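As the structure is a computational prediction, the values presented were derived from the model and not from experiment. Reminder, nothing fancy here: chain letters follow the sequence lines and each chain counts from 1. Only heavy atoms go into these numbers, but all of them, side chains included; no hydrogens, no water, no symmetry mates.
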Number of protein chains: 2
Amino acid sequence: MSMLVVGSVALDSVKTPFGSVKEALGGSAVYFGVAASYFTKVRLVAVIGKDFPSKYFDIFKRHDIDTSGLTRAAGKTFRWKGQYMYDLNQAETLDTKLNVFASFSPKIPDAYKSSKYVFLGNIDPELQLQVVKQVDSPDLIACDTMNFWIEKKPKELKKTLKHVHILVINEGEARQLAGETNIVKAAKCVLSFGPRALVIKRGEYGALFFSKDHIFSAPAYPLEEVFDPTGAGDSFAGGFMGYLARSGSGHPTDLRRAMIFGSVMASFNVEDFSLKKLDNLDWSHIKKRFEHFKHLTNFEMIK
Amino acid sequence: MSMLVVGSVALDSVKTPFGSVKEALGGSAVYFGVAASYFTKVRLVAVIGKDFPSKYFDIFKRHDIDTSGLTRAAGKTFRWKGQYMYDLNQAETLDTKLNVFASFSPKIPDAYKSSKYVFLGNIDPELQLQVVKQVDSPDLIACDTMNFWIEKKPKELKKTLKHVHILVINEGEARQLAGETNIVKAAKCVLSFGPRALVIKRGEYGALFFSKDHIFSAPAYPLEEVFDPTGAGDSFAGGFMGYLARSGSGHPTDLRRAMIFGSVMASFNVEDFSLKKLDNLDWSHIKKRFEHFKHLTNFEMIK
């Protein structure tokens, strides 16, 4: 099934205890798109500047990502500069230059409007709602958000959430959005805002899925080498939504598998800087790690 | 199979955002013992003072815990005073009065020496080693420790670890003991000190089991009401070791189940203050929650 992603394309400069990259390809729509591309055909809506390196188009091509919704605007590409200390769960932003992303107003090409799966990356909730209004009748709309929007645009965010089926956010943000420390209570509160499901990302502690009747807990993959957590959340969302689009089902069996495929893609992503790892997978890698997740969590019932 | 536990018996005064208790029954040997008592017969070695309330003996009796190794010494019982703020993962100690526990020197009664399962609660590693030397030939020895001993007696702790099969510790302490942030590397390092397995407790994020060839991830039970995390780690250890003693097997299938039974007992424990919840369970509660854990983590393979 067709997947539309709307979000950022960025040039990231990242430093971790294990190395650094300068102006590497990044952004929520990119991490999501490449991760999802292993499961389904991806259509991208984002904005880049005149300075966007043409070499990065090779990555989109390699993953058969439709870039006809990628606008090149006058000005420079969005840049993010950040670092991670030994606690790889916490990014420290050193510099953000929105550049052309500051006036991003997503226009969905006609050919994209019939997309059955839609992911709204972490952008202004008013822009997210604009996207919802432009698409025909998707089977599933999921969105991300962040502390900035929870603080600055709570009303607009809640309005958007009424039109979204699944919210995918970080644990701290779920607590902040609900104004509640206990994660189960926080999840119930967020569900009361409109979405029928909530995915809570917990970094190296995995992810939780909540709906009215279901809770599912996915572990993170215990990795000996974590080089760069940038994009882990979007890679998770890409694997999660990608598998749902591939299966074309919202059955709990597939939602659970989707959580694991999200965890699989996030675990690959953090194993190298930028898109280096995510760019070079094949289905056998993904399937093998999915099986590892089974082995990591499976236990036998008692008689 | 017979289970010997050596540790503390304490009177805890605890305050959380949801209430408080004064001089309630606590201590590592108590939480461990009551949790393990649902699986196997427990023998207790600990020290109490002259002021230990006799009413608390009813709890030991109710759980058929052998207290012939419980010494009543001249002086007062060990007291701990602590509080938890909204982050229930982190206890803040307000006051510790070791009292009779300060000169605790565990003497294993002859009748206990043939115990096949031994748990060394969080006491001085030199005392833990003394216990190991007093028992005949247990099938399994597990121990706990804490930051205090890692800092003050690293050599003694490492000596003890050479005689222990399983170390059960908190995540932060595993990192501290290994001098390594990455949890997989930290686990490998700790295993190199001697134990053949390591259980890492992560509070509301569950627990990890590591051996040379196996990693198993157990989630925490998502609870809407967490009243008091005191004793969660020892209840976990009690469920974990208790099930291993009951099954009499060290097979990976049973180690995995044991991790879940540990999680089950910890999840019950935090639902009320002191021993209130743990004291009043029956096997049907435990079995039902074990099944809930299966539902929480289970997913189907893909074809």
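- In this structure, the portion of A:Ile260 lying under 4.5 Å from any heavy atom of chain B is its side chain and not its backbone.
- Residue A:Phe209: no heavy atom, backbone or side chain, is found under 4.5 Å from chain B.
- Per-residue heavy-atom pair counts under 4.5 Å with chain A were compared for B:His292, B:Arg257, B:Met259, B:Glu291, and the maximum is reached by B:Arg257.
- Screening residues 183-210 of chain B for side chain to side chain donor-acceptor pair (under 3.5 Å) gives A:Glu171-B:Tyr205, A:Arg175-B:Glu204, A:Glu224-B:Lys188, B:Asn89-B:Glu204, B:Glu171-B:Arg202 as the qualifying pairs, with residues at least two apart or on separate chains.
- Only the side chain of A:His214 comes within contact range of chain B, with at least one heavy atom under 4.5 Å from a heavy atom of that chain.
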Requested in this report: Please step through ring pair (Phe, Tyr, Trp, His ring centres under 6.0 Å) for the pair A:Phe261 and B:Phe299, ending with a clear verdict.
Outcome: CA-CA 11 Å; A:Phe261 278 114; B:Phe299 62 92; 8.8 Å; no
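- The two residues B:Val190 and B:Ala174 come nearest to each other via the heavy atoms CG2-O, 4.1 Å.
- By the 4.0 Å N-to-carboxylate-O rule, B:Glu271 lies close enough to B:Arg289 to be salt-bridged with it.
- Proximity to chain B (any heavy atom under 4.5 Å) is shown, for A:Asn298, by both the backbone and the side chain.
- A:Tyr221 does not touch chain B: none of its heavy atoms, backbone or side chain, sits under 4.5 Å away.
- Looking at A:Thr181, the atoms closer than 4.5 Å to chain B (heavy atoms on both sides) all sit in the side chain, from C-beta outward.
- Taking the six-membered ring where tryptophan is involved, the planes of A:Phe227 and A:Phe273 are tilted, since the angle between them lies from 30° to 60°.
- Contact annotation for B:Leu296: both backbone and side-chain heavy atoms come within less than 4.5 Å of a heavy atom of chain A.
- Interface remark: A:Ser217 contributes backbone and side-chain atoms alike to the contact with chain B (heavy atom separation under 4.5 Å).
- When the candidates B:Val226, B:Ile302, B:Thr253, B:Leu208 are compared by the number of heavy-atom contacts under 4.5 Å with chain A, B:Ile302 comes out ahead.
- In this structure, chain A has no heavy atom under 4.5 Å from any part of B:Leu255.
- When all heavy atoms of B:Leu244 and B:Tyr117 are compared, the closest pair comes out as O-OH, 3.4 Å.
- In this structure, B:Lys158 is positioned above the aromatic face of B:Phe193, its NZ or CZ under 6.0 Å from the six-membered ring centre and within 45° of the axis.
- Around the NZ atom of A:Lys15, the shell of radius 6.0 Å holds no more than 12 heavy atoms that belong to other residues, nucleotides or ligands.
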